[in-house]
Structure formats: structure tokens, C-alpha cells
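Take a look at the structure below.
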Amino acid sequence: MFARGGASRVGWEIWFVLVRLGLEDRGGNVARVTMRDEVLAKLKEVFGYDGFRPLQEEIIADALAGRDVFALLPTGGGKSLCYQLPALLRPGLTLVVSPLIALMKDQVDALRANGVAATYLNSTLDATESRSRLRGLHAGEYQLLYLAPERLLLDGMLDDIRGWNAGLVAVDEAHCISEWGHDFRPEYRRLAELRAALPDAGVMALTATATERVRSDIVRLLGLRDARTYVASFNRPNLLYRVTPKAGANDQLLAYVRAHPGDAGIVYCASRKAAESTAASLSRSGVPALPYHAGLTSEVRAANQESFLRDEVRVMCATIAFGMGIDKSNVRFVIHYDLPASIEGYYQQTGRAGRDGLPGECILFYGRGDIIKQKRFLEEKSEEERMVGQRQLDQLVDYAEGATCRRKVLLAYFGETFPEANCGGCDNCLAPRERVDATVDAQKFLSCLYRVRQMSGTSFGVNHIVEVLTGAETAGVRSRGHDQLPTYGIGRDRTAAAWKELAGELIRMGFAARSEGRFATVDLTDEGLAALKDRRAIAVTRAPEVERSRRKVRSVDFEYDEGLFERLRVVRRELAEARGVPAYVIFSDLTLRHLAREYPTTREEFHEIPGIGERKAEEFAAEFLAVIAEFGGTNGRREFRDARPDRAPAPSPAARVLSSADTVRETVARFRAGDDIETIANERKVTTGTVVTHLVKAWEAGEDLDLEDLVPAGLRPEIERAFGGAPATRLGEVKERCSDAVRYEHLHIMRALLQRRGAGS
Ligand code: ADP
Ligand code: ZN
């Protein structure tokens, strides 16, 4: 059976009738609690989510009913939840086979942060650690086990697994089983034996890429039985697609990255060298960026990837070697600095943006020069490869140059028809390109090129020409006498940026040409000269300008308090650093935005926020609520005009009540009793940061506590200098100005002390 989109809910219905649980309530009456309620309650309790993404519900229902399932969901579609939730709802162990060893630890950390008993076995563990985990597995201590496929080859592994009462086997990245896929892993073939060893277990195959051929391989080689196939739409409604004419790509990139401070993104480059130089140039301009490509040692690659995952560097400049399994949900943009090799590749790479459901932007820098490069590259290939390559190139050129909806073109490639006329989320739909007459302006620009060359006998860069046109009074213009030219100042009616854009367009149209090299200059071409002399009419396509505010992409996008969001990010960073986990293991950006919108004041309100399950509510409520209260105290609460973000109603599990005031009181009591920070943190199972937050909060509320002693006297002058008389500055910035001995806790305390001192003077 085959279901696309949310079309088939038959699975639910059948299963719904089959599995109803009869539970006895206290009064002895039989309370019919449907399984569906239980599933939803678990979803909220553990993951903090209020509803399902498309097809998740159906897939989970099938898995719980013991059926084999084949799930084809796009990146960001929420595949993990499809097996994680059933793992919690059924007895015994759920086995997750995944080739992405580097990610297992983070995934397991993320599950543990939600209070799930999960573990993994792969080659990164030493023998002692493996043995201890195996013991735990024999003792039935775990609900989820992530397993690298090569482990299946180990002697006795299958026997072990047979003993663990595994009722569900999830095969992630299932396309790895097929030689026709782009990432064949021979070890995956052993999964047939796993199936044979566990004849009663349900098998779930998951992937984001599968052509027809790969699909049938998966079903056959995994031995799926009567599996229902779910194919979600490949449309990613929260992604915006744009093609930007390439004109000084380095500057364009920098301008974009600067215009989106705080956003993380990937820049795909065609070569290792380009990845290196782009990363270097961004870094030089003050944007933390690192390269990633196959020419780096695996240690460097792992370290760079790690820094990116942990939000330490903002931009990853990568070749396509960087990709599969980049489990970073808050990638806000994917920019292709060079032309990708195929539409499929382009779709997969852009898919890494916006996995958290928040808006993401996918931008292709497109210049005809790249096509020539690609063609040259193809010429060296065999006849067959050349033909395939040429077709892929043509498809890309159609995508880039066409005026039709980008989304339509991408989805058509996957055999999907996008039904609406206007997708509202691509440059072509948002700002249909119009051709405008630019004869007069083109004449001005071209004649300025001509005059400048005539006077100086050499050519100049676009910037200089634009300065002459706009009548800029710069030394460069004056020293060369260009302010005496008849074209000096004839373009004052337009901005420099508009002139540069026109210059790019005229260059692309062949009226002018850029010289190669570091200091590219521009010159008239023969065609340009002819156009100038003949006063030829010139029409240009206006480069589509897409503003964020005009987007109507349907995604979770809502107003929130940016100031508070920034504060919460700092708190998240501190917590993540203290635990040595990536920031998203604590909370996703989406969750922080909800917090920065709702300003929760109680633990119950905190738990209501999407993405906050019970465990996290318990662990982090006090810390975040304190910051939110503090922020609200100084800045007030913002009113929002847009509608409240969509949150499906969810059964709210009875909240455990321990208000933040209570936890603060307990911390203070222990501190007064003489416990030190570490002891309090250990015993209360919170971070030292939390303890300090509690103490500072109490102190600010008037408690008489000796906080200053918690900061080593030797560090105090340094910290005070770092604050520079502005105690409200973000701690992350202050920390950067301090030596390594200074910890966030110290800053937190000193800020409070300095604030009071400032208020008192
Ligand atoms: P995939 O593996 O399909 O690329 P993931 O499993 O990594 O996707 O999920 C992508 C993101 O979506 C994660 O941040 C995850 O927590 C979130 N997510 C998954 N399911 C839901 C849901 N039902 N509600 C809200 N967020 C979800
Ligand atoms: Zn469109």
C-alpha cells in the first residue's frame, strides 16, 4: 500500500479499533483511554511537543501495531521521532541502526536530556565501556540502542541481540543498503540477518533519499513484510529559494552574512580551495567561519564540524563532502557560492536549512562563468558521463534562469506536482521578474567607462566608476582628475548600490567585462561600444529583491522579543558548555523563541512551551525563569501584534509543582548551611550556574548573602575592567575579554554586584 501526504489515515483507524486499552480508574470503572491519547501525552511529556509532523502519527501507529513500515520523509521531516516515541511506548528494546557514528553520541545525549534511557554501541567506545553497556543491555536497562552496522559483524552480536527482547528495529538512512543509492554501505547487507534473527520484531526503514530503484532494493534486501510505505511531500514550506546573480560573490556573501547576524549557515563551494579561501575571507571580516572538505584530516574535519554544531562558528564553508547527517537544526541559510552538480544534490544540500521548522533561506549565486567552467570539466569525461552531466547542467540552468516557481521546478524533479500557482516562498513568486528599460542609465554607465579610460589610459574597478557617476568627492577621483569628466556626477539620482547592480547586469549581458585577478577592473567590450554609439535600447531584468517581511512562506514564524531571545541564547550556551553538549541538546532555537514570546513565570507555564518535556522543565525551569523574570523586570514585556504561534492543543499531563521560588529557597538554605556551590549543584542535580543564579536572585531580592567571596579576589579587577562600566552587557561578550580562569558564574555574580554599586552611587 502506498500513501502520499496525509492522504491515508486508514492505518490509524484499523489500529485504533484493534488496540484500545482498557484501564481501571480508581473508582473501579473501566475508563476507555485510547492509545492515541497515550501517544500524545507521551509526546508532550518527553519531547514537549503538542502535535505531529505530517505522517509521523501514521508511522508511529503502524510501528506500535508491529507492522513493517517504510518511511520516506524529507530532511527535517522528523524521522527520529518515528521510532523514538514507539520505543517509549512499547516494552523491550528498540534497536536503531545508523551509519552516522559521529552523531550517535549527540543523539543519545539529546534523548538522555529528555530523560530517556538510551545508549549506543560503536567503534568510538573502548572495550571497558562497551562491556559495561552490554551488561546494561543484558539487564534490560535501556529502551533505545543505537547501533553502528559494522557491529552486526562482530561474533556473538546477533545472539546478544536475540536475548534483548528487541521488538522494533529502525533502520535509519536505509538507502545505504542499495548499491544504487549515493551512499552504499556493504555492512547494511547484514541487516537481512538481523531480520532473520528477530522474526517477530517490526522493522522500520527510514530515509530522505530514494529513487524507485533504491526503494525496491530497501524493501527486498531488508526483507520488509507487507510494509506500508509513507512518502511525505518533499516540499519544505519553511524554506525560501532564491537565485542571486553572481557579481562579486565574496562581497555578496559578506553582505548577506552581515545582514543576518546571529544566523548560522552553510556555504557550499565547488572546490577545496574555494572552501578554504571563502572561510578565510569571512574570518578576516570578523565572521567566525571554518572550512570543511575531504582534503582535511579527519581530526580537523571532526573538530570543525563540532564547532559548527556547537554554535561556536557561524558559517561552514564546505564542499559537498559536508553533508549527510548534519544534525544541526538551526541552520538558517544554505548558500551555494558555486553551481551545484545536479538538482538532486542541490535539493539535498539546501535541505539542511531550517530543520527546526523556522524559516531558512537557500540562495544560489549564479553566474554564466560557472557554466563554462562546468562544461570544460565535462569535456574531460567519458561520453556517457558527459551526457548525464550535460543533462544535469541543463536542468540547473533552467532552474537558475527560468522565471517559473523554483519550488515547482525542484519538486517536479522528485515527481511531485506543486499545486499552487504562487508558492509565496521563492524569488520568482515573490517578485516576478520584470524587464525594465534601462537605456538611459546604461548609456551613462557605459559612457563613463569610456571617458575614464580615455582620460587615464587604463581601466578602473566598478567602485571607482560608480564614485565618478555619483559625483563622490574622494581623493581617488580628484587625484586622477576624474571630477573634470563630463560624466562626473551625472548619476547622482541613483544610489551607489543601484549603480553597482546595474553594472553587474551590464557585465552579464556582455556590454562590459571584468578583468581576471584580485583587483578586477571593468572595461567596455566591443558590444558595449557599439551599443553606446548606436544608442541601442537596453532592457534589464530587475534583480528580484526579496524582503523577509514580504514572505508568506507558511512556517512557524512569529514575533518574539529579540532582546530576551539573545539573553536566553547565552544561558543556553552556558548550560551547554558546562555539560559539553551542543546547544540544541538543551533547547532548540524554536523553543527559545516561544519562551521569548510567552514570558512564562511559573514552572507549569514553562512546561507548556513546545519542546520542553518534563525532564527539561524540572532541570531548567529555575534557571530560565530567573533570566526571564530579570529581563522582564528591566525591559518590560513586549506586546505582539501577530497571532499567537500555532500550537496544537495537547493533553497536559498533571504538572509536578515545585515553584521556582521553592527551589531558590532550598539553594539558599544549603548555602547558608555552609555547602559549597559544587556540593549544592551535585546534590540537587543542577549545574553550578543554576546554583549561582538562585543565589544572585535571592541576593537581589534582599537576602544577605556573601556573594563576593565566591569570586576569587585576584580575578575581580580583571572582571570589573571587562565589564567596562556597563554591567548590562551580555556575559558572553564580557567573557571573551577575560582570561580563561574567569567562569560564567563569576561574571554573573560580579554583574549583580556592579549593578547594585552603580545604582547606589
Ligand atoms: P530528520 O531526521 O527527518 O531530518 P529530525 O528527526 O532530526 O528530522 O527532526 C528535525 C527537527 O524537528 C528536530 O529538531 C526535531 O526535534 C523536530 N521535530 C520532530 N518532530 C516534531 C514534532 N512532532 N513537533 C515539533 N518538532 C518536531
Ligand atoms: Zn515559487
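In each ligand, atom 1 is the first atom listed, and ligand 1 is the first ligand listed. In this text, all values refer to a predicted model and were calculated from it rather than measured experimentally. For this chain, numbers begin at 1 and follow the sequence in order.
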Less than 3.5 Å between some nitrogen or oxygen of [X] and one of ligand 1, yes or no?
X	result
G51	yes
Q56	yes
Y49	yes
L43	no

Next on the checklist: Whether R407 engages the ring of Y241 as a cation-pi pair (distance to the six-membered ring centre under 6.0 angstrom, angle to the ring normal within 45°) should be assessed.
Outcome noted: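 So R407 doesn't make the cation-pi contact.
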Checklist entry - Taking side chain as C-beta onward, heavy atoms only, is I609 less than 4.5 Å from F587? => result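 The answer is no; the side chains never approach within 4.5 Å.
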Item to check | Numbering as shown, the atoms of ligand 1 that approach T75 to under 4.0 Å (heavy-atom distance) | outcome: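 Ligand 1 atoms under the 4.0 Å threshold to T75: 4 (O).
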Item to check | K328, R355, R352: member with heavy atom nearest to atom 10 (C) of ligand 1 | outcome: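 The residue whose heavy atom sits nearest atom 10 (C) of ligand 1 is R355.
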Next on the checklist: Regarding atom 4 (O) of ligand 1: of the candidates G76, G48, S329, which has the closest heavy atom?
Outcome noted: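 Among G76, G48, S329, the closest heavy atom to atom 4 (O) of ligand 1 comes from G76.
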Next on the checklist: Checking R310 against D106 for the salt bridge (Lys or Arg N to Asp or Glu O under 4.0 Å) test, could you report, in this order, the C-alpha distance in whole Å, the side-chain angles of both residues, the deciding distance, and whether it holds?
Outcome noted: CA-CA 11 Å; R310 295 184 180 203; D106 286 346; 3.7 Å; yes
Checklist entry - Is it the side chain (CB and beyond), the backbone, both or neither of S588 that lies under 4.0 Å from ligand 1, heavy atoms counted? => result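 None of S588 does.
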Checklist entry - Which bit of F52 is near ligand 1, meaning a heavy atom under 4.0 Å away: side chain, backbone, both or neither? => result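 Just the backbone.
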Checklist entry - Residues two or more places apart in sequence or in another chain: which of them pass side-chain hydrogen bond (donor to acceptor under 3.5 Å, both in side chains) with E605? => result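 Partners of E605 by the side-chain hydrogen bond (donor to acceptor under 3.5 Å, both in side chains) criterion, ordered by chain and then number, come out as T601.
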Next on the checklist: So, using side-chain hydrogen bond (donor to acceptor under 3.5 Å, both in side chains) as the criterion, who are the partners of E562 when residues are at least two apart?
Outcome noted: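 Partners of E562 by the side-chain hydrogen bond (donor to acceptor under 3.5 Å, both in side chains) criterion, ordered by chain and then number, come out as R638.
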Next on the checklist: Please tell me whether Y120 and Q107 have a donor and an acceptor in their side chains that are separated by less than 3.5 angstrom.
Outcome noted: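 Absent: no donor and acceptor within the cut-off.
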Next on the checklist: Is a donor from one side chain sitting under 3.5 angstrom from an acceptor on the other, for Y230 and D62?
Outcome noted: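 Yes, side-chain donor-acceptor contact under 3.5 Å.
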Checklist entry - Touching ligand 1 at all, P74? Heavy atoms, strictly under 4.0 Å? => result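 Distance cut 4.0 Å: P74 passes for ligand 1.
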Next on the checklist: Taking 2.8 Å as the limit, list every protein N, O or S atom around the Zn ion (ligand 2), by chain and residue number.
Outcome noted: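 Listed by chain and number: C405 SG, C423 SG, C426 SG, C429 SG.
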Item to check | Nearest heavy-atom neighbours spanning V169 and L194 | outcome: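 Looking at all heavy atoms of both residues, the closest pair is CG1-CD2, 3.8 Å.
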Next on the checklist: Once you measure the plane-to-plane angle for Y49 and F47, does it fall in the parallel (<30°), tilted (30-60°) or perpendicular (>60°) bin?
Outcome noted: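 Ring orientation of Y49 relative to F47: parallel.
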Item to check | Those residues that, when tested against S80, pass side chain to side chain contact (heavy atoms under 4.5 Å, CB included) (two or more places apart) | outcome: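 In terms of side chain to side chain contact (heavy atoms under 4.5 Å, CB included), with neighbours along the sequence ignored, S80 is linked to Y83, Q84.
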Checklist entry - Can we call the ring centroids of Y413 and Y399 under 6.0 Å apart? => result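 Not under 6.0 Å, so no.
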